[in-house]
Enquirer: 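I'd like to ask you about the structure that follows.
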Amino acid sequence: MAEPLTTSLQAVFGYSQFRAGQAAALTALERGQDTLAVLPTGAGKTLIYQLYGYRHAGCVLIVSPLLALMTDQVNRMRLAGFRRVAAITSLTSFGERQTILNHLDRYQFLFLSPEMLAQPAMLARLQQLTLSLLVVDEAHCIVQWGPDFRPDYLLLGAIREKLERPLILMLTATADQATQGEIAKQLRTTPTVVTESINRPNIFLDVEHVANQAAKRERLLTLVTQLVFPGVIYFSSKQLASETAQWLRDQTGLTVAAYHAGLSSEDRFKIQQQFMQGDLAIICATSAFGMGIDKNDVRYVIHYHLPADLGSYAQEMGRAGRDGQPSLAVLLYAPGDERLPLTLNQANRPDDATIQRFYAHPQAFSQDDPGVALLTFYQQHGISASAVQALFERRERERARALDQMLAYVHEQRCLRTSWLAAFNESAPTHDQQCCAPASVPLDLAALGLQRKPQAQSPSAAAQPDWLTQLRQLFLSNN
DNA sequence: CGTATCCTGAATACTCAGGATACGGTGCCGTATT
């Protein structure tokens with residue numbers, strides 16, 4: 001299509017200008033270059049493949065990690081006027097699935113999970129189709145989930161070959177150099193990389209060291225009592241997320257809910273809806289809460305446990321302040337907190353002896369064991385025992401390294417933002433009063449304009465000091 | 001692997017030392033049997 005990109009943008013979306021990164025990614029794709037776009041949430045990543053799909057004949061195939069994301073995206077695209085859009089998942093009825101598969105060439109956009117795409121029958125059907133573009137959404141999942149959680153992610157490279165190497169677009173909000181390299185390697189390509197800064201200047205960064213678990217709990221209560229809501233508190237334990245939600249409800253009278261993978265999908269959906277509508281002040285969540293959550297007025301994100309790595313931390317704390325208003329990211333740390341992520345790093349991973357025994361006598365193991373399910377997958381795909389050992393070892397080393405980076409952030413004495421951004425090869429703006437409070441520096445909520453008025457039942461924009469008032473407060477508190 | 005909590009026994013305290021135990025995330029998938 002000879003039409004300029006901006007003409008298409010105007011025609012399809014009615015916008016006159018691209019947002020940062022969109023034009024660069026599209027230009028690379030138009031030149032036929034595989035593209036890895038590392039763009040922050042809200043940068044409009046989906047527009048890139050929507051517009052590409054509009055400009056080119058053939059089907060855009062999108063690999064997405066979550067059913068909820070696919071359903072969401074299909075609905076949103078239909079509302080936006082795209083009609084030839086579908087997702088095929090385990091929730092799709094047999095009849096509907098047949099209808100889609102029988103008229104596959106009528107679809108412009110098709111969403112699949114990596115597991116669904118890996119099914120031989122599905123792949124065979126897709127091989128008959130002309131693909132204009134293969135999109136891997138949330139591409140960091142290849143690295144984060146591939147080796148020891150959702151191994152089908154490691155098949156994408158081979159699947160792409162079987163689809164006769166269509167042009168590929170990899171999308172993610174956070175990927176450091178190592179992650180970018182690993183994504184490219186897995187998909188067997190040398191892509192054009194388009195990146196935008198992941199810095200979020202309106203999020204104040206705070207790390208607080210406490211003496212023990214009891215002190216952490218008390219500090220959490222104090223914060224939650226004083227902070228303007230809504231807020232999200234992240235845990236690495238489902239049980240503690242639930243218990244703390246109940247405890248905070250009792251202690252504060254606020255509306256608090258827990259969100260984790262142990263809940264039914266109905267409950268999860270309901271809680272997410274309530275939170276989006278502003279009916280909940282606080283969510284106590286595990287890492288299950290996040291992808292696809294698009295609420296722009298979250299005022300704070302507190303981490304009660306250490307996130308797995310700085311990339312996850314960027315994603316989770318980045319759910320605060322999407323509206324650009326002053327917001328807060330607190331990381332609470334008690335000595336010994338690194339034990340939990342260390343243990344989780346090994347949770348699904350069978351040790352070398354178990355791998356050997358499994359490869360010798362797979363039938364002696366219970367398929368209910370998640371580690372065994374992984375091994376079954378690898379054995380069925382012809383991966384040798386020693387290759388599996390190497391895979392797990394490598395992943396564990398990466399996780400250990402990521403945890404070390406996380407701890408360096410926790411113990412940073414000077415500027416948290418500098419420490420955080422350095423991991424993504426970015427330099428931070430000059431440190432100032434609105435930047436961060438490392439462990440040795442106390443947090444001043446009033447100065448940030450995030451302190452709840454004792455009388456106010458719910459936060460409103462009017463109740464917050466305007467930015468001039470905040471600036472005055474900053475200058476005064478500086479004396 | 002270490003932290004928090006529960007349990008036990010000695011003692012009979014407005015309890016406590018010391019040992020045992022439980023605990024710790026993320027999701028996709030035809031999938032066969034009562």
Enquirer: Does A:Arg217 put a side-chain nitrogen or oxygen below 4.0 Å from OP1 or OP2 of B:dA4?
Expert: no
Enquirer: Run the ring-centre check on A:Phe275 versus A:Phe289 and record whether the distance is less than 6.0 Å.
Expert: yes
Enquirer: What is the distance, to the nearest angstrom, from the CD atom on A:Glu115 to the C1' atom on B:dC28?
Expert: 4 Å
Enquirer: When the C1' atoms of B:dG24 and B:dT3 are considered, how many whole Å apart are they?
Expert: 11 Å
Enquirer: For A:Arg394, is there an ion pair with A:Glu398 - N to carboxylate O distance below 4.0 angstrom?
Expert: yes
Enquirer: Once you apply the 3.5 Å cut-off to both distances, tell me the Watson-Crick or G-U wobble partner of B:dT12, or none.
Expert: none
Enquirer: For atom CD of A:Glu164, is the number of surrounding heavy atoms from other residues, nucleotides or ligands below 6.0 Å larger than 12?
Expert: no
Enquirer: Which one is paired to B:dC6, where only Watson-Crick or G-U wobble pairs with both distances under 3.5 angstrom count?
Expert: B:dG19
Enquirer: A:Thr343 has a side chain; which of B:dT26, B:dC1, B:dC28 sits nearest to it?
Expert: B:dC1
Enquirer: Starting at the 5' end of DNA chain B and moving along, which residue's nearest nucleotide shows up first, A:Arg268 or A:Asp337?
Expert: A:Asp337
Enquirer: Which label fits B:dA11, syn or anti, where anti is any glycosidic angle not within 90° of 0?
Expert: anti
Enquirer: Taking the side chain of A:Arg339 as its heavy atoms from C-beta onward, which of B:dC28, B:dT26, B:dG2 lies nearest to it?
Expert: B:dG2
Enquirer: Touch check for A:His305, heavy atoms < 4.0 angstrom, all strands: base, sugar-phosphate only, or nothing?
Expert: nothing
Enquirer: Is the aromatic ring centre of A:Phe149 closer than 5.5 Å to the centre of the six-membered base ring of B:dT26, with the two planes inclined by less than 30°?
Expert: yes
Enquirer: Take atom C1' in B:dG30 and the same atom in B:dT26, then report the distance between them in whole Å.
Expert: 24 Å
Enquirer: As a test of reading the structure: which of B:dG25, B:dC28, B:dT3 is closest to the side chain of A:Arg150, going by heavy atoms?
Expert: B:dC28
Enquirer: Please report the C-alpha distance between A:Asp323 and A:Arg299 in whole Å, then the side-chain angles of each, then the deciding distance to 0.1 Å, and finally whether the salt bridge (charged side-chain N to carboxylate O under 4.0 Å, His left out) criterion is met.
Expert: CA-CA 9 Å; A:Asp323 54 9; A:Arg299 289 280 67 88; 2.8 Å; yes
Enquirer: Quick one: which of B:dC28, B:dT26, B:dG24 gets closest to the side chain of A:Ser113?
Expert: B:dC28
Enquirer: Applying a 4.0 Å non-hydrogen cut-off, can you work out what A:Pro65 is touching in the nucleic acid: base, sugar-phosphate, or nothing?
Expert: sugar-phosphate
Enquirer: Taking syn as any angle within 90 degrees of 0 and anti as the rest, which one fits B:dG9?
Expert: anti
Enquirer: Between atom CG in A:Asn345 and atom P in B:dT26, what is the gap in whole Å?
Expert: 15 Å
Enquirer: For B:dT33, what is the paired nucleotide under Watson-Crick or G-U wobble rules, both distances under 3.5 Å?
Expert: none
Enquirer: Specify the separation, in whole Å, of atom CG of A:Leu374 and atom P of B:dC28.
Expert: 16 Å
Enquirer: Fit a plane to each ring of A:Phe109 and A:Tyr49, take the angle between them on a 0 to 90° scale, and name the class: parallel (under 30°), tilted (30 to 60°) or perpendicular (over 60°).
Expert: tilted
Enquirer: Choosing from B:dG24, B:dT3, B:dC29, which nucleotide comes nearest the side chain of A:Gln119?
Expert: B:dC29
Enquirer: Whole angstroms only, please: what is the CG-P distance between A:Leu117 and B:dC28?
Expert: 15 Å
Enquirer: Could you tell me how far apart A:Ile88 (CD1) and B:dG30 (P) are, to the nearest whole angstrom?
Expert: 11 Å
Enquirer: Measuring from the side chain of A:Leu66 (C-beta onward, heavy atoms only), which nucleotide among B:dT3, B:dG27, B:dG24 has the closest atom?
Expert: B:dG27
Enquirer: With P as the reference atom in both, quote the distance from B:dA11 to B:dC16 in angstrom, rounded to an integer.
Expert: 15 Å
Enquirer: Round to a whole Å and report the spacing from CD of A:Glu396 to P of B:dC1.
Expert: 11 Å
Enquirer: Walk me through whether A:Ser312 and A:Met406 qualify under side-chain contact (heavy atoms from CB on, under 4.5 Å).
Expert: CA-CA 10 Å; A:Ser312 307; A:Met406 203 60 237; over 6 Å; no
Enquirer: For the side chain of A:Gln239, counting heavy atoms from C-beta on, which of B:dG30, B:dT26, B:dG24 is nearest?
Expert: B:dG24
Enquirer: Under the rule syn = chi within 90° of 0, otherwise anti, which is B:dC14?
Expert: syn
Enquirer: Can you check the A:Ile293 CD1 to B:dT26 P distance for me, whole Å?
Expert: 13 Å
Enquirer: Atom CE of A:Met70 to atom C1' of B:dG27: distance rounded to whole Å?
Expert: 10 Å
Enquirer: Taking only N and O in the side chain of A:Ser90, is any of them less than 4.0 Å away from OP1 or OP2 of B:dC29?
Expert: yes
Enquirer: From the list B:dC28, B:dT26, B:dG25, which nucleotide is the closest neighbour of the side chain of A:Leu67?
Expert: B:dC28
Enquirer: For nucleotides B:dG25 and B:dC29, find the distance between their P atoms and express it as a whole number of Å.
Expert: 23 Å
Enquirer: B:dA4, B:dG27, B:dG24: which one has an atom nearest the side-chain heavy atoms of A:Gln213?
Expert: B:dA4
Enquirer: Just to verify, which of A:Val135, A:Leu110, A:Val136 counts as forming a side-chain contact (heavy atoms from CB on, under 4.5 Å) with A:Ile62?
Expert: A:Val135
Enquirer: It should be established whether A:Ser237 places a side-chain nitrogen or oxygen under 4.0 Å from OP1 or OP2 of nucleotide B:dC23.
Expert: no
Enquirer: Specify whether A:His56 and A:Tyr52 have parallel, tilted or perpendicular ring planes, treating 30° as the upper limit for parallel and 60° as the lower limit for perpendicular.
Expert: parallel
